[in-house]
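Notes follow the structure.
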Amino acid sequence: MTILVTGATGNIGRMLVDHLLAAGRTDVRALTNHPERARLPAGVEIAEGFLGRVNSLPDALVGVDQIYLAPYPSTIEPVLELARNAGVRHVVDLAGPPENWWNPISVAVERSGMHWTHLWPGEFMENSTMWAEQIIESDCVREPFPDAANAPIAMEDIAAAAAAVLIDEESHHGRAHILTGPETLTRTELLDRISTALGRPLTFETVSRQETIDDLTPSMGDFAITYVDGLESSVDNPQPVDGTLVDITGTATTFMQWAQRNVDSFR
Ligand SMILES: NC(=O)c1ccc[n+]([C@@H]2O[C@H](COP(=O)([O-])OP(=O)(O)OC[C@H]3O[C@@H](n4cnc5c(N)ncnc54)[C@H](OP(=O)(O)O)[C@@H]3O)[C@@H](O)[C@H]2O)c1
């Protein structure tokens with residue numbers, strides 16, 4: 001009954017491993033390119049491999065019953081074929097709804113013939129760390145849409161939801177879980193909370209759409225345009241809060257809580 005956690009040294013994968021161990025699971029296998037420096041906890045079986053290196057997967061998949069599928073679209077088809085042939089029954093994929101950049105992963109998972117549960121988070125709270133450099137250098141954030149609004153979720157909460165789905169799997173088969181945080185907040189409201197956590201005033205400066213795309217492209221590539229388009233569309237269509245996360249895990253981190261826990265990222 002092994003659970004394979006892919007991307008196990010990534011943010012969500014690593015926290016998922018911790019949640020599964022805390023729940024008493026002794027059948028967790030973690031996939032990493034670098035077992036020697038992965039620093040995974042005792043009690044986890046480590047498998048060398050990566051979703052992007054398909055030929056590394058057959059050994060890692062032996063005896064696997066369920067898989068947490070980290071988002072890696074380019075090899076999704078052969079990865080799923082190997083998983084199905086290895087006898088995997090249930091795939092929990094981190095992706096997004098039909099209009100989302102990550103949705104092709106969920107489409108492929110649904111076609112794979114295995115049971116599936118989609119985790120479809122919105123904006124991550126951690127995405128606000130893209131402001132860290134500007135805040136540290138100038139106490140100011142420059143973006144085009146101060147009233148863009150979404151309901152960001154903490155990665156920790158996504159990991160908790162993934163663990164709950166893997167542990168109580170059958171009630172989640174065939175379900176796509178929209179995962180949001182507990183409040184819809186504008187960009188200026190997010191910045192206010194970071195300001196409160198830091199204990200000093202921060203300002204929001206409205207700049208052109210193109211300026212922000214140019215700033216983000218070195219780190220995001222083509223996704224920078226998609227990201228800024230998403231911000232723009234959320235001005236008139238703020239992302240609503242969805243209660244699924246609380247239904248699954250019983251709790252949802254607020255952005256204020258997240259900012260207080262992660263305030264050092266902005267110092
Ligand atoms: N709504 C949203 O914003 C949304 C929705 C769905 C997905 N996502 C995406 O979900 C991801 C979650 O990130 P995460 O931090 O939990 O990590 P992840 O992408 O799930 O896993 C990262 C791990 O995979 C391995 N890896 C090796 N080469 C890689 C490569 N070329 N690309 C990616 N991973 C590689 C690395 O581990 P080893 O070196 O140990 O092998 C790394 O620690 C983000 O990329 C995010 O953009 C976002």
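Whatever order the structure lists them in is the order used to number ligands and atoms, beginning at 1. Position 1 is the first residue of the sequence; numbering continues from there. These numbers come from the heavy atoms of this one structure, side chains and all, not from hydrogens, waters or symmetry mates. Values in this document were obtained by computation on a predicted structure and should not be read as measured data.
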query = How would you list, by chain and number, every residue that makes a salt bridge (charged side-chain N to carboxylate O under 4.0 Å, His left out) with Asp236, sequence neighbours excluded?
reply = none
Results of salt bridge (charged side-chain N to carboxylate O under 4.0 Å, His left out) for Glu211 - residues two or more places apart only = none
inquiry  = I'd like to know if Ile158 and Leu69 are part of one continuous hydrophobic network [Ile/Leu/Val/Met/Phe/Trp/Tyr, side-chain heavy atoms within less than 4.5 Å].
reply    = no
task = Examine distances only and state if a side-chain atom of Ser106 and a backbone atom of Ala95 form a donor-acceptor pair shorter than 3.5 Å.
result = no
inquiry  = Tell me if the centroids of the rings in Phe223 and Trp101 come within less than 6.0 Å of each other.
reply    = yes
Tabulation required: pairs of a nitrogen or oxygen in ligand 1 and a protein nitrogen or oxygen under 3.5 Å; columns are atom names and distance to 0.1 Å; otherwise 'none'.
unit_1, atom_1, unit_2, atom_2, d
ligand 1, 1 (N), Pro121, O, 3.1
ligand 1, 1 (N), Gly122, O, 2.9
ligand 1, 15 (O), Asn11, N, 2.9
ligand 1, 15 (O), Asn11, ND2, 2.8
ligand 1, 16 (O), Asn11, N, 3.3
ligand 1, 16 (O), Ile12, N, 2.8
ligand 1, 37 (O), Thr9, OG1, 2.8
ligand 1, 40 (O), Thr9, OG1, 2.6
ligand 1, 40 (O), Thr32, OG1, 2.5
ligand 1, 41 (O), Asn33, N, 2.7
ligand 1, 41 (O), Asn33, ND2, 2.9
ligand 1, 43 (O), Thr9, OG1, 2.7
ligand 1, 43 (O), Gly10, N, 3.3

Co-members of the apolar cluster containing Trp120 [side chain, <4.5 Å] = Ile178
